[in-house]
Each structure stands twice: as C-alpha cells, then as structure tokens.
Amino acid sequence: MGLFLCLLLFFLASSASACDRCLHHSKTAYISNDSTLSSGACGYGSLALGFLDGHLAAGVPSLYKEGVRCGACYQMRCKDKKLCSTSGTKLILTDLNLHTNRTDLVLSKKAFSALAQKGQHYNIFKRTTLDVEYKRIPCEYKKQNLSVRIEESSQKPHHMAVKFLYQGGQTDILLVHLRPVDWGSTFFMSRRHGTAVWEIDTAPEAAVVFQLRVISGFDGMWVTAERVVPADWKPGMIYDLGVQMDAIAKGQESCRKCDEGHW
Ligand SMILES: *[C@@H]1O[C@H](CO)[C@@H](O)[C@H](O)[C@H]1NC(C)=O
Ligand SMILES: *[C@@H]1O[C@H](CO)[C@@H](O)[C@H](O)[C@H]1NC(C)=O
Ligand SMILES: *[C@@H]1O[C@H](CO)[C@@H](O)[C@H](O)[C@H]1NC(C)=O
C-alpha cells in the first residue's frame with residue numbers, strides 16, 4: 001500500500017512536467033562550433049548529426065532533466081516577423097546547457113539558420129540572440145521504429161550499455177527492463193547519470209525482450225518490444241525493437257489541455 005502510494009505520487013509528480021505541450025517564451029542563440037552539440041551531454045556522439053538533419057539543441061537543466069529529455073523534440077519559431085518564418089523549425093535535444101540561463105535552448109547553426117525565412121539566412125546570423133517561442137512535439141521519424149544502439153563500452157557477456165534511438169519525442173523513458181526470451185526473470189538497467197545511456201552489469205546470455213516504462217502526458221505505461229535483441233548482440237550494432245513511440249504518444253488522450261491549436 002505504502003509502496004503503491006509512493007509510486008502513484010512519483011508518477012503524478014513526474015507527469016505534471018511530462019505534459020509539456022504549452023508554448024514557452026524565451027530567447028535563443030546559436031553555438032558556432034557544432035561539434036560541441038554533437039558531442040553533447042546525452043552521449044549520442046556523432047550519431048546526433050544525423051538526427052533531424054542536424055537541428056540540434058542544448059537545454060538548460062530544468063529542460064534537460066538529468067538526461068531524461070535526451071531525444072525530445074521541439075518546434076521553435078522566432079518572434080521577429082521580418083527575419084523569421086512563421087512555421088519555425090524542429091529541434092532535437094542532445095546536450096545540456098550550463099553556460100546561461102537566459103536561453104532555454106541554444107541551437108546548432110543549422111537549426112538557427114532554419115528559423116529564418118527565405119532570403120534571411122545570412123542576416124539571422126547578425127543577431128546573437130532572438131526572442132522565440134517553442135513547444136514540445138512528437139519527433140515523427142519517417143516510420144522508424146524505436147531502436148537500441150549497443151554502445152562500444154559494452155563488454156560481452158554481461159556488461160551491456162545502450163542508447164535508444166527514434167524514441168518519439170513526447171515520451172520520457174523512466175525504467176528499462178530486460179526479459180530473456182526463454183526464462184521468466186527480469187533484469188534491470190539503470191540510466192548512466194545525466195545521459196541517454198542505459199546500462200547493466202549482469203546482462204543475461206540470451207536473446208532479450210526490452211520492456212520500457214515510459215511517461216506520456218499524464219499516463220505511465222509499459223512498452224514491450226515486438227522484436228528481440230539476439231544473444232549474439234555486438235557493440236556498435238543497432239537493433240529495431242519493432243514498436244513506434246509516436247504512435248504510443250498519440251494514443252494518450254489525457255494531455256490535451258496544453259495543445260494550443262493555432263501553431
Ligand atoms: C570544436 O569543438 C571541438 C570539441 O569541443 C574541438 O575539438 C574542435 O577543435 C572545435 N573546432 C573549432 C573549429 O573550434
Ligand atoms: C541566472 O544567471 C545569473 C548570472 O549567471 C545569476 O545571477 C542568476 O542567479 C541565475 N538565475 C537563476 C534562476 O538561476
Ligand atoms: C517496425 O516494426 C514492425 C513490426 O515489427 C515491422 O513490421 C516494420 O517493418 C518495422 N519498420 C521498420 C521501418 O523497420
């Protein structure tokens with residue numbers, strides 16, 4: 001009972017911020033050296049340059065949430081109508097921004113440039129900061145399933161470290177369990193502090209099914225992979241888990257009140 005209540009309160013508390021679809025007003029700036037973003041705190045490495053065509057962002061600690069928000073997507077537009085397009089651009093969070101609290105998100109040059117309207121891509125770089133509004137959105141990968149990438153730091157047979165790719169953007173991953181296909185036990189992974197990496201020192205020598213506790217809107221739910229990661233997994237490989245997180249996020253109806261229809 002006590003434990004149940006604790007868990008309930010935990011999910012209610014964490015979901016209040018997971019339902020984060022309202023518009024936020026802030027300033028933004030760009031980072032001139034993109035490699036600082038691609039080698040960002042989330043730990044995606046150069047892989048990040050392939051996400052959303054390199055439209056990367058670093059978030060302040062309140063957005064970054066110790067790595068829980070790694071892979072989250074945002075739509076941002078600037079308020080200067082002469083300089084910027086009305087639709088703005090999509091971003092993906094890959095880094096933590098500790099240098100300033102004046103900008104919620106700082107952007108890669110490519111993302112900053114994408115805020116500009118036609119003909120203004122040169123002029124926008126004359127500005128060091130821009131007033132912007134932004135909101136969290138689904139990432140909408142072109143039909144890509146949720147996948148795991150096995151980290152090079154993994155050491156067979158028992159140390160497995162992974163990152164999740166194509167996680168959908170509006171779902172936060174809270175827990176990761178491994179279930180061997182052939183026997184009924186559960187192995188628990190833990191998040192490497194402050195990053196998008198999950199790891200375990202006691203991985204079973206077996207094909208495993210990934211099971212994720214995610215939070216989307218106000219609801220916590222379990223997502224079970226439809227495809228296994230084989231026993232002969234290898235560092236550097238990416239395995240398709242056969243489920244789509246965007247579909248799951250859209251299925252949640254409880255987070256509508258923040259959805260501002262006009263943009
Ligand atoms: C960009 O940053 C990376 C890592 O922080 C550094 O190795 C590289 O020299 C920098 N490049 C430039 C052009 O400043
Ligand atoms: C923001 O940064 C300024 C200067 O670094 C600091 O004085 C201020 O306390 C910070 N505010 C918050 C809310 O962290
Ligand atoms: C995603 O997973 C489903 C179910 O396993 C599969 O049918 C589909 O081909 C996968 N999509 C991609 C892009 O691999």
Side-chain angles (χ1 to χ4, degrees), residues 17-18 20-141 163 165 167-170 172 193-197 258 260 262-263:
S17 51
D20 187 15
R21 297 177 195 186
C22 306
L23 276 187
H24 298 275
H25 302 272
S26 179
K27 290 180 186 299
T28 197
Y30 65 91
I31 293 188
S32 52
N33 185 347
D34 276 350
S35 57
T36 56
L37 276 173
S38 65
S39 61
C42 290
Y44 291 121
S46 57
L47 217 55
L49 294 172
F51 297 162
L52 293 185
D53 200 23
H55 291 187
L56 312 180
V60 288
S62 59
L63 277 180
Y64 189 76
K65 297 202 183 298
E66 300 191 324
V68 172
R69 289 285 160 79
C70 287
C73 289
Y74 297 89
Q75 183 85 20
M76 178 185 276
R77 65 177 176 183
C78 103
K79 294 179 182 174
D80 184 329
K81 298 279 187 292
K82 276 194 197 147
L83 202 54
C84 296
S85 72
T86 48
S87 55
T89 191
K90 261 190 216 174
L91 313 164
I92 182 167
L93 191 73
T94 59
D95 198 4
L96 169 65
N97 174 15
L98 287 173
H99 306 299
T100 171
N101 55 19
R102 292 183 57 235
T103 50
D104 289 0
L105 293 161
V106 293
L107 312 185
S108 63
K109 268 172 137 173
K110 248 183 154 176
F112 193 79
S113 170
L115 295 173
Q117 59 168 284
K118 227 176 159 200
Q120 298 291 339
H121 296 281
Y122 173 74
N123 289 330
I124 202 166
F125 285 105
K126 292 178 181 164
R127 306 278 292 273
T128 49
T129 62
L130 292 169
D131 288 314
V132 291
E133 53 191 0
Y134 69 90
K135 61 185 176 184
R136 197 169 176 195
I137 56 163
C139 294
E140 283 171 15
Y141 297 106
K163 284 188 293 238
L165 305 180
Q167 74 181 58
Q170 275 185 323
D172 294 341
H193 186 77
T195 72
V197 176
C258 293
E260 295 187 19
H262 66 276
W263 177 54

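Nothing here was measured: the structure is a model prediction, and the numbers come from that model.
The closest donor-acceptor contact from the side chain of Gln117 to the backbone of Lys82 lies under 3.5 Å. A donor-acceptor contact shorter than 3.5 Å links the side chain of Lys110 to the backbone of Asp53. Lys163 contributes a side-chain N or O that, together with a main-chain N or O of Gly43, makes up a donor-acceptor pair within less than 3.5 Å. With Tyr44 contributing its side chain and Asp95 its backbone, the two residues share no donor-acceptor pair below 3.5 Å.
In this pair, Phe125 and Tyr30 present their aromatic rings perpendicular. The plane angle is above 60°, beyond the 30 to 60° band.
Here the NE2-OH distance, from His25 to Tyr134, works out to 10.0 Å after rounding to the nearest 0.5 Å. Rounded to the nearest 0.5 angstrom, Cys139 SG and Leu91 CG are separated by 10.0 Å. Atoms CG and CE, from Leu115 and Met76 in turn, are 7.0 Å apart once rounded to the nearest 0.5 Å. With rounding to the nearest 0.5 Å, the separation of NZ in Lys27 from SG in Cys78 is 11.0 Å. Residue Cys70 holds its SG atom at 6.0 Å from CG of Leu93, rounded to the nearest 0.5 Å. Rounded to the nearest 0.5 Å, atoms NE2 (His24) and CG (Leu105) are 9.5 Å apart.
Between Ser26 and Arg102, the shortest heavy-atom contact is OG-O, 3.9 Å. The nearest pair of heavy atoms linking Thr100 to Val60 is O-CG1, 3.5 Å. Considering every non-hydrogen atom in both His55 and Ala114, the closest pair reads CE1-CB, 3.6 Å. In terms of heavy atoms, Leu98 sits closest to Pro61 at CD2-CG, 3.8 Å. Contact between Ser62 and Lys65 at its shortest, heavy atoms only, is O-NZ, 3.2 Å.
Using a 4.5 Å heavy-atom threshold, the side chains of Thr195 and Cys42 count as separate. Between Leu165 and Phe51 there is a side-chain heavy-atom pair separated by less than 4.5 Å. Residues Thr89 and Leu107 fail the side-chain proximity criterion, which asks for heavy atoms closer than 4.5 Å. Side-chain contact check for Asp172 versus Arg69: some heavy-atom pair is nearer than 4.5 Å. Ile124 places a side-chain heavy atom less than 4.5 Å from the side chain of Leu130.
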(request) Might you work through the side-chain contact (heavy atoms from CB on, under 4.5 Å) test for Ile92 and Leu56, ending with a clear yes or no? (result) CA-CA 5 Å; Ile92 182 167; Leu56 312 180; 3.7 Å; yes
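The existence of a salt bridge linking Arg127 and Asp80 is confirmed by a sub-4.0 Å separation between a basic side-chain nitrogen and an acidic carboxylate oxygen.
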